[in-house]
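One structure is given below, encoded as structure tokens.
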Amino acid sequence: MDPPVELIRTEVLSDDWYVLRKVTFSIRRRNGSWATHSREAYDRGNGATILLYDRARRTVILTRQFRLPTYLNGNASGMLIEACAGLLERDAPEACIQRELEEETGFVVRGVSKVMQAYMSPGSVTEMLHFFVAEYSPAQRRGDGGGVGEEDIEVIELPFADALQRIARGQIIDGKTIMLLQHAALHIFDPPGGSS
């Protein structure tokens, strides 16, 4: 049974880039007593991410870009290799990921498949991320990608085995990307009990 929760007070601490709120709430504990807590929650909206794969050539499409929070937390260059991703911005997850694919990678593909959804940092961030995969071919690249506005995104095509080795070597350290590559290892390229 889910514990009853009562929201007592919500304060907006910042509304510059996204919204940071301080929420005071009471929650009933398992023993029946009530406890009051204050927590901060960062609301940046929900998002979607996708791994493009070419089963025949055993390759995947990833991106590389600067991520300030990783730089502030020890990533010397601030550069991160990631699966293509973006915020929904009022779109359905499928429409969002099609838009982001073309903007970031230049690829236009059909038949994206949703494989899961997950909260990526539920202790402090409200975002629900929708995960997709889709098969691609080089002929489906319609533009350079690179992002829009101030984005500066490099498109990377890697052999799938190399992408997995980069996880083990600490060169791919983005959670959503690791999840999608592991999904591909289990269900696309070499599924247990099957053949690719």
Side-chain angles (χ1 to χ4, degrees), residues 17-18 20 40-42 44-87 93 96-97 100-101 103-107 109 112-136 138 141 144-194 196:
W17 188 250
Y18 300 113
L20 177 63
E40 293 177 3
Y42 194 52
R44 56 187 307 271
N46 294 326
T49 185
I50 189 165
L51 180 69
L52 291 182
Y53 65 91
D54 183 327
R55 195 185 315 259
R57 295 185 312 126
R58 298 186 62 81
T59 57
V60 294
I61 297 293
L62 297 172
T63 65
R64 186 172 185 261
Q65 63 183 307
F66 179 79
R67 295 297 199 180
L68 176 65
T70 74
Y71 179 78
L72 296 175
N73 194 25
N75 179 1
S77 70
M79 300 301 285
L80 212 59
I81 297 174
E82 305 177 58
C84 171
L87 296 177
C96 165
I97 207 56
E100 291 294 331
L101 258 179
E103 290 174 0
E104 291 189 5
T105 71
F107 281 91
V109 299
V112 300
S113 299
K114 186 172 179 180
V115 295
M116 67 183 109
Q117 63 187 42
Y119 290 105
M120 296 304 294
S121 189
S124 60
V125 180
T126 62
E127 180 184 26
M128 170 70 74
L129 194 59
H130 301 266
F131 290 75
F132 293 88
V133 295
E135 196 155 7
Y136 79 97
R141 191 161 189 192
D144 293 334
V148 295
E150 59 188 43
E151 293 179 317
D152 184 20
I153 300 170
E154 178 185 358
V155 181
I156 303 170
E157 183 177 55
L158 291 176
F160 180 65
D162 183 27
L164 291 180
Q165 290 167 0
R166 287 178 186 229
I167 294 171
R169 292 192 308 256
Q171 296 170 326
I172 293 180
I173 54 175
D174 173 63
K176 68 183 178 298
T177 306
I178 294 169
M179 291 169 70
L180 281 168
L181 290 169
Q182 291 298 322
H183 173 84
L186 291 171
H187 302 286
I188 295 171
F189 287 106
D190 294 311
S196 57

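Everything numeric in this text was worked out from a predicted model, so none of it was measured.
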Self-check item: Criterion side chain to side chain contact (heavy atoms under 4.5 Å, CB included) on Q117 and L129, from CA distance to verdict
Solution: CA-CA 5 Å; Q117 63 187 42; L129 194 59; over 6 Å; no

Quiz item: Does the side chain to side chain contact (heavy atoms under 4.5 Å, CB included) test come out yes or no for V60 and L52, once each step is laid out?
Solution: CA-CA 6 Å; V60 294; L52 291 182; over 6 Å; no

Exercise. Check the pair E104, E151 against side chain to side chain contact (heavy atoms under 4.5 Å, CB included), reporting the backbone distance first and the verdict last.
Key: CA-CA 9 Å; E104 291 189 5; E151 293 179 317; 4.3 Å; yes

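When all heavy atoms of M179 and A118 are compared, the closest pair comes out as CE-CB, 4.3 Å. The nearest pair of heavy atoms linking I153 to Q65 is CG1-OE1, 3.6 Å. Across all their heavy atoms, I172 and A163 have their closest contact at CD1-O, 3.6 Å. Considering every non-hydrogen atom in both A184 and F160, the closest pair reads CB-CE1, 3.7 Å. Nearest heavy atom pair, residue Y71 against residue A76, reads CE1-O, 3.3 Å. Contact record, L62 with T177: CD2-CG2, 3.9 Å, taken as the closest heavy-atom pair.
Residues Y42 and S121 form no side-chain contact, since every pair of their non-hydrogen atoms from C-beta on lies 4.5 Å or further apart. Side-chain atoms of F107 and I61, non-hydrogen and from C-beta on, do get closer than 4.5 Å to each other. Put simply, the side chain of L20 reaches to within 4.5 Å of the side chain of E40, judged on heavy atoms. Taking 4.5 Å as the limit, some side-chain heavy atom of V133 sits within range of a side-chain heavy atom of L180. Side-chain contact between Y53 and T59 is absent, with no heavy atoms from C-beta onward closer than 4.5 Å. Residues T63 and I156 fail the side-chain proximity criterion, which asks for heavy atoms closer than 4.5 Å. Residues P138 and D54 are in side-chain contact: their nearest non-hydrogen atoms beyond the backbone lie under 4.5 Å apart. Between N75 and L80 the shortest side-chain heavy-atom distance falls below 4.5 Å.
A salt bridge does not link E82 with R64: every distance from a Lys NZ or Arg NE/NH1/NH2 to an Asp or Glu carboxylate oxygen is 4.0 Å or more. Ionic pairing of D162 and R169 is present here: one or more N-O contacts between side-chain nitrogen and carboxylate oxygen are shorter than 4.0 angstrom.
The backbone N or O of A161 lies less than 3.5 Å from no partner atom in the side chain of R58, so there is not a single donor-acceptor pair.
Counted by atom type alone, E157 and Y136 present one or more donor-acceptor pairs between their side chains at under 3.5 Å. Side-chain polar atoms of T126 and Y119 form no donor-acceptor pair below 3.5 angstrom.
In this structure, CE on M116 lies 9.5 Å from OG1 on T49, to the nearest 0.5 angstrom. Distance CG/N46 to CG/L87: 8.5 Å, rounded to 0.5 Å.
In this structure, F66 places its CZ atom where more than 12 heavy-atom neighbours from other residues, nucleotides or ligands lie under 6.0 Å away.
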